[in-house]
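Atoms within a ligand are numbered from 1 in the order they appear, just like the ligands themselves.
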Amino acid sequence: MTTLSDIFNTPGARADAQDGPFSDDELRLSNRNSGTLLEMLKHDVTPTGLHYLLIHFDVPSLDTQTHTLKFGSGFGAPFSLSLDDIRALPQITMPVTLECAGNGRTAVSPRTRSMPWSYEAVGTSEWTGTLLAPLIERACPNADTVEIVFTGADRGFDKGVEHAFGRSLTLEQIASLDVLLVHEMNGQPLLPQHGAPLRIIVPGWYGMASVKWLSTIEALNQPYQGLQQVGTYRYRNHKDDPGTPVTSLRVKSLMEPPGIPDWSTRNRYLKAGPVTVAGRAWSGNGSSISKVEFNDGKRWHTAQLTPPAGRFGWTRWVCQWEAVPGEHVLSCRATDSNGDTQPLEPRWDASGFGNNAVQQVNIYVELSPRV
Ligand SMILES: Nc1nc2c(c(=O)[nH]1)N[C@H]1C(S)=C(S)[C@@H](COP(=O)(O)O)O[C@H]1N2
Ligand SMILES: [Mo]
């Protein structure tokens, strides 16, 4: 008998690696999962409608009036919370930079057939909610708890496995990362595509940990085996490599595109003369940005930094450049307080995760504009 797993795991449907033209599947994924427009890097807070999106399955339609968050198995004193209950708890607002682990995948060759991000799967929002650690404590996780699992209301198939999107964290991670239970983004109730009415935000980690449409929290006495925890989001050298988990953000920077673009190639056009180039840099685990350098195609210049509003928001960088006529490839490179620096070339990963190689921007500079 044909199983659902056979139907949704047909060979080639999720080819391991490929190069060259993008498939219809990749195009469809990229139509659903939009990226932040890089010109929006000028804003400390990414305008809500322009924050990138990554949605594995379908956006569930949950009713804010009736939705409850349930503390399920593994707790000695489980309870449920409505949105009003959550709003009545102590509230905090935190700027947090979120980046998809697959950001930069298109530059890792050969690539995995998945969401084909270039540079744009990153944004910073002010997230409002309540700290999760005290709530977990109130629900009294059993003494043998090793992990807490967060499950969303969205379901689907990946690699032939039907599942609800779920991710786990240890109690220690929940406390030390300041994990937030969030119902507002930039002062507005969460939009459906960003997890309405409730999600978690795991500051300093790649986005997959920040479970949207949060429905249940459970305590497990053994490591969680959900597909999104053990079957993906692992750095792997080849497809049979068990790999290591993808966790905190790697140091990275991006540039606000200078000048004006060509519609299809996004190559830039600029008048010669003094220009202010600027952008953002961020890293994981609360490490701060210690240095950003700008390269004009000839040499590296040290940029000026403006510290972020919070421990988990991005840092603004600015650099003065005397644009001389010619064709240039501009780039920027950040270093964090751990001494980690962005590589010049993408490092290999079988799923294209964690590519933090320097961005390259093609620009054509002329003495005086023709238009
Ligand atoms: N329930 C659920 N949570 C999820 C996802 C999902 O598909 N389902 N996608 C994750 C991934 S991979 C990322 S990068 C972030 C994206 O959050 P955003 O769409 O609000 O930017 O949500 C994460 N949380
Ligand atoms: Mo992601």
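- Residue Ile55 has at least one heavy-atom neighbour below 4.0 Å for each of these atoms of ligand 1: 7 (O).
- Under the 6.0 Å distance and 45° angle rule, Arg199 counts as a cation-pi partner of Trp127.
- Some N or O of Lys212 is nearer than 3.5 Å to an N or O of ligand 1, by distance alone.
- Put simply, the residue from Arg316, Lys42, Arg280 that forms a salt bridge (charged side-chain N to carboxylate O under 4.0 Å, His left out) with Glu256 is Arg316.
- The proximity of Tyr206 to ligand 1, defined as any non-hydrogen pair under 4.0 Å, does not occur for either the backbone or the side chain.
- Ranking protein heavy atoms by distance to atom 9 (N) of ligand 1, first place goes to Leu54 O, 3.2 Å.
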Test side-chain hydrogen bond (donor to acceptor under 3.5 Å, both in side chains) applied to Trp317 and Gln304, step by step:
CA-CA 5 Å; Trp317 64 266; Gln304 245 125 49; over 6 Å; no
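- Among protein heavy atoms, the minimum distance from atom 17 (O) of ligand 1 is reached at Arg199 NH2, 3.2 Å.
- With ligand atoms numbered from 1 in the order given, ligand 1 contributes 5 (C), 6 (C), 7 (O), 9 (N), 12 (S) to contacts under 4.0 Å with heavy atoms of His56.
- Looking at ligand 1, you won't find any N or O of Tyr233 less than 3.5 Å from one of its N or O atoms.
- In terms of polar-atom proximity, defined here as any N/O pair under 3.5 Å, His51 does make such a contact with ligand 1.
- Protein heavy atom nearest atom 15 (C) of ligand 1, with residue, atom name and distance: Gly207 O, 3.5 Å.
- For atom 8 (N) of ligand 1, the closest non-hydrogen atom on the protein side is Asp154 OD2, 2.7 Å.
- If you check which protein heavy atom lies closest to atom 14 (S) of ligand 1, you get Tyr52 OH, 3.1 Å.
- The nearest protein atom to atom 11 (C) of ligand 1, hydrogens excluded, is given as Met208 CA, 3.7 Å; this is a heavy-atom distance.
- Atoms of ligand 1 lying under 4.0 Å from any heavy atom of Ser210, numbered from 1 in the order shown and given with element: 22 (O), 23 (C), 24 (N).
- The line from CG of Leu69 to CG of Leu83 is 9.5 Å long, rounded to the nearest 0.5 Å.
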What's the verdict on salt bridge (charged side-chain N to carboxylate O under 4.0 Å, His left out) for Glu293 and Arg333, showing C-alpha distance, side-chain angles and the deciding distance?
CA-CA 5 Å; Glu293 298 153 286; Arg333 175 170 71 178; 3.1 Å; yes
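- A continuous path of ILVMFWY side-chain contacts below 4.5 Å connects Met255 to Leu270, so both sit in one hydrophobic cluster.
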Just do the side-chain hydrogen bond (donor to acceptor under 3.5 Å, both in side chains) check on His301 and Arg299 with the steps written out, would you?
CA-CA 7 Å; His301 307 257; Arg299 66 179 189 90; 3.3 Å; yes
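- Residue Cys100 approaches ligand 1 through these ligand atoms, each under 4.0 Å from one of its heavy atoms: 14 (S).
- Counting atoms of ligand 1 from 1 in the listed order, those under 4.0 Å from a heavy atom of Leu53 are 19 (O).
- Taking hydrophobic clusters as Ile, Leu, Val, Met, Phe, Trp and Tyr residues chained together by side-chain heavy-atom distances below 4.5 Å, Ile174 shares a cluster with Phe79.
- No heavy atom of Met185 sits closer than 4.0 Å to any atom of ligand 1.
- Exactly one residue among Arg111, Arg105, Arg113 makes a salt bridge (charged side-chain N to carboxylate O under 4.0 Å, His left out) with Glu26. That residue is Arg111.
- Here Ala101 has no heavy atoms under 4.0 Å from ligand 1, in either its backbone or its side chain.
- Asp58 places no side-chain N or O within 3.5 Å of a backbone atom of Pro60 that could act as its donor or acceptor partner.
- The CD atom of Glu366 sits 4.5 Å away from the OH atom of Tyr364 when rounded to the nearest 0.5 Å.
- Among the atoms of Trp213, none of the N or O lies under 3.5 angstrom from an N or O of ligand 1.
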